[in-house]
Amino acid sequence: MSTISVTLPDGSQREVPDGSSALDVAAAIGSRLAKAAVAAVVNGELVDLGRPVPDNSTVSVVTTTSPEGREVLRHSTAHVLAQAVTRLWPGAHFAIGPAITDGFYYDFDLPGGAHFSDSDMVRIEEEMRRIVAEDQPFVRSEHSIEEGLALFSSQPYKTEIIAAVQSGGTAEDLAEVGNSAVVSAYRNTDDFVDLCRGPHVPSTGRLGYFKLMRVAGAYWRGDEKRQQLQRIYGTAWESQEALDGHLYRLDEAEKRDHRKLGLEMDLFSFPTEIGPGLSVFHPKGGALRRLIEDYSRQRHVEDDYEFVTSPHITKAELFETSGHLQWYAEGMYPPMILDEGQRYYLKPMNCPFHVLIYKSRQRSYRELPLRLFEFGTVYRYEKSGVVHGLTRVRGFTQDDAHILCTKDQMRDELARLLTFILSLLRDFGLNDFYLELSTRPPEKAVGTLEDWAEAEATLADVARAEGLDLVLDEGGGAFYGPKISVQAKDAIGRTHQMSTIQLDFQTPQRFEATYVGPDNARHQPIMIHRALFGSVERFIAILVEHYAGNLPTWLSPEQVRVLSVRNDHDDYAFEIAKLLKSRGIRVTVDAATEPLGARIRKAKLEKLPYIVVVGDDDVAARTVGINARGSNDPERGVSFETFLERLTAEVASHGRPEDL
RNA sequence: GCCUGUGUAGCUCAGCUGGUAGAGCAGCUCAUUCGUAAUGAGCAGGUCGUGGGUUCGAGUCCCACCGCAGGCUCCA
């Protein structure tokens, strides 16, 4: 028997019999590898294990613990889901079923307009386990377009994809099929075959560590004007431990949910009497908010911003001039009709007001850059299905500023701004950033291509200069200019869009804002929109989740609670509370009305940074007992002065919290 | 806006196939005075999201609406 030679990832060569499959190669390397293998990369292409390997090819075996391997088994699990559904609902049409982060989904259209219910998830999962137990093979076949259309003649969504691929096809379609010349399909049984690019695990028996998570609606091809399908989401892993780990992480994330913690910590609420997406901040949330805003104000003062304010409503004319009514009217609250037909709108943005402040008198180049800052509360009519806690609301406050500068100043101004933003975010305990550049949206955009190109290039240069990773978001810009956004990773690795810097060549032009240059002629300034927190409300949500409610001491609404052991220690407790308060510490006293253990427990549950206990010894020696958050080991007999120094130093340095 | 769920006391939840609401915690009162995560007793608290309907009778069944949750679409 003749042999062929393959190159392995470590560079070594191996001789295998001609006609060997990727699985044979894996087996030749080792039986454990063969057991863990789910697919292979042959000459750079991810393929089935059963695929014969050509001579002189490079072969890399993909195992279940690699990202590619997990993707293969998730995708294969999606096929098992589809088969289970077709067994239970004969005649069901299925659309697409890709692997996604941590799992997979599959979209279905059930016969007779039937819908899945939550209890169906149990039945489907049972059916899936039967299919796994049957250990059905995944058998690949390749067909011409015509054959493909015939093979899937009872599956209209599949034939639509094949037909779309025939006439070019989108990236999404090609992901299903592979390439435009060949229609590939994977058959599990005589009754079940699915259109798919592959690769797949050799057989369903390789799967099993999955769980169906939920059912949701999804529009066919993501188009809200088309058929709404039933989407089932699932998660799938290579082992029970990995699956359990994922479920545990979900559980932990749920414990951090700012909506839950916000209620428990008495920070804010959404009274239904006020309306969806409209929040009120309670005293503790109000304190947190004031601390955040005050610190931000201080930093802005230091960075040469000037403070302005503007009203919440305005005549339509302002947003006609800015272009918002033309582009985003559906995102605005409907107008109030006043004074013989005059239309007034709640403001969805602050920028036109700031431009009017700029325009209130003639400006000289000597005044630029002019940095106008406002905590501006805006209102946007979000669709009813999208409001979510504090992160997506209908009324919120932006830490909004608009910088007007000359074209020559733009580059320096952007660089300075990015440094400022990162420094401020780091002060709040966020440390892991990358940048995203959103470029010209093809449909909704004003301005010349040249202006866009120049602005995008400048933003990219400045981002690179900061040394952070830059990700491109093609077509994601606003209608009036490109933007760069700072993305921050939180304590459990989730990414949040934080700050945005938006260049705008259009608004100054629309408002005919000018400055007089050294040449004594009028010129148009550049406008930079920027918000660091984005919205104060959303920033609070992110901080609460980042810290799991354990806000750092400098941001805690109540920093210290003093507990007296007995009533006769109350006077001392109040005395040191007064001293702490005089040093700017937010402190309360919980006098001895219930047992000490109960008061400790209550304060612990409220996530207080410091619980101070004072008893006989402390009154005698002017000391305190300190029970710090995150510690199960209280310190006794610390002198009050030592504690005060430690506390004020921690607050001043924005010291990090004990447990994230 | 669309799909699927869901809504009982401030919070967490129980309430079987329809027979006129129940617990724990929190709150209040009284007693207890205690050295680091729950002292005891008592009291009070709900038109069961809202409005219709079926029924002798609805927290429970049906319809509509509202809120919330998870998705989809959207997010200047």
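A note on names: the letters A, B, ... follow the listed sequences, proteins ahead of strands, and every chain is numbered from 1. Every value quoted in this text rests on a predicted model; they were computed, and no experiment measured them.
Contact between A/Thr500 and A/Ser485 at its shortest, heavy atoms only, is CG2-CB, 3.9 Å. Pairing each heavy atom of A/Ala577 with each of A/Val589, the nearest pair is CB-CG2, 3.5 Å.
Remark: B/A23 base-pairs with B/U12; criterion is Watson-Crick or G-U wobble with both hydrogen-bond distances under 3.5 Å. B/G67 is paired with B/U6 under the criterion used here, namely a Watson-Crick or G-U wobble arrangement in which both key atom distances are under 3.5 Å. Pair assignment for B/C30 gives B/G40, based on Watson-Crick or G-U wobble hydrogen-bonding distances that are each under 3.5 Å.
The A/Arg231 side chain lies nearest to B/C72 when the options are B/A76, B/C72, B/U36. The nucleotide whose nearest atom lies closest to any side-chain atom of A/Gln230 is, among B/C68, B/C3, B/G71, B/C3. Comparing B/A76, B/C74, B/C11 against the side chain of A/Val386 picks out B/C74 as the nearest. Ranking B/G1, B/C34, B/G71 by closeness to the A/Ala216 side chain, first place goes to B/G71. In this structure, the nucleotide among B/U33, B/U4, B/U39 sitting nearest to the side chain of A/Ala598 is B/U39. Here the side chain of A/Leu596 is nearest to one of B/G35, B/C74, B/G67, namely B/G35. Distance from the side chain of A/Pro595 is smallest to B/C34 among B/U33, B/A76, B/C34. Closest approach to the A/His324 side chain among B/C34, B/A76, B/C68 is made by B/A76 (side chain taken as heavy atoms from C-beta onward). For A/Ile600, counting side-chain heavy atoms from C-beta on, the closest listed nucleotide (B/U73, B/U36, B/G35) is B/U36.
Counting non-hydrogen atoms under 4.0 angstrom, A/Glu594 reaches a base of the nucleic acid.
B/U55 and B/C61 have their C1' atoms separated by 10 Å, with the value rounded to a whole Å.
Look at CD on A/Glu264: it is 14 Å from P on B/A26, rounded to the nearest Å. The interatomic distance linking A/Asp616 (CG) with B/C34 (C1') rounds to 11 Å, in whole Å.
Of the side-chain N and O atoms in A/Arg566, one or more sit less than 4.0 angstrom from OP1 or OP2 of B/C34. Between A/His388 and B/G70, a side-chain N or O to OP1/OP2 separation shorter than 4.0 Å is present.
Under the 3.5 Å distance criterion, the side-chain polar atoms of A/Thr439 are matched with a main-chain donor or acceptor of A/Gly475.
The residue among A/Asp568 and A/Gly625 whose nearest nucleotide of RNA chain B is located toward the 5' end is A/Asp568. With RNA chain B read from its 5' end, the first of the two nearest nucleotides for A/Arg601 and A/Glu224 is the one closest to A/Arg601.
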- Checking side-chain hydrogen bond (donor to acceptor under 3.5 Å, both in side chains) for the pair A/Glu537/A/Ser279: CA distance, chi angles, key distance, verdict? CA-CA 9 Å; A/Glu537 290 80 358; A/Ser279 61; 4.9 Å; no
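For A/Lys383 against B/U73, a side-chain N or O and a base N or O form a donor-acceptor pair under 3.5 Å.
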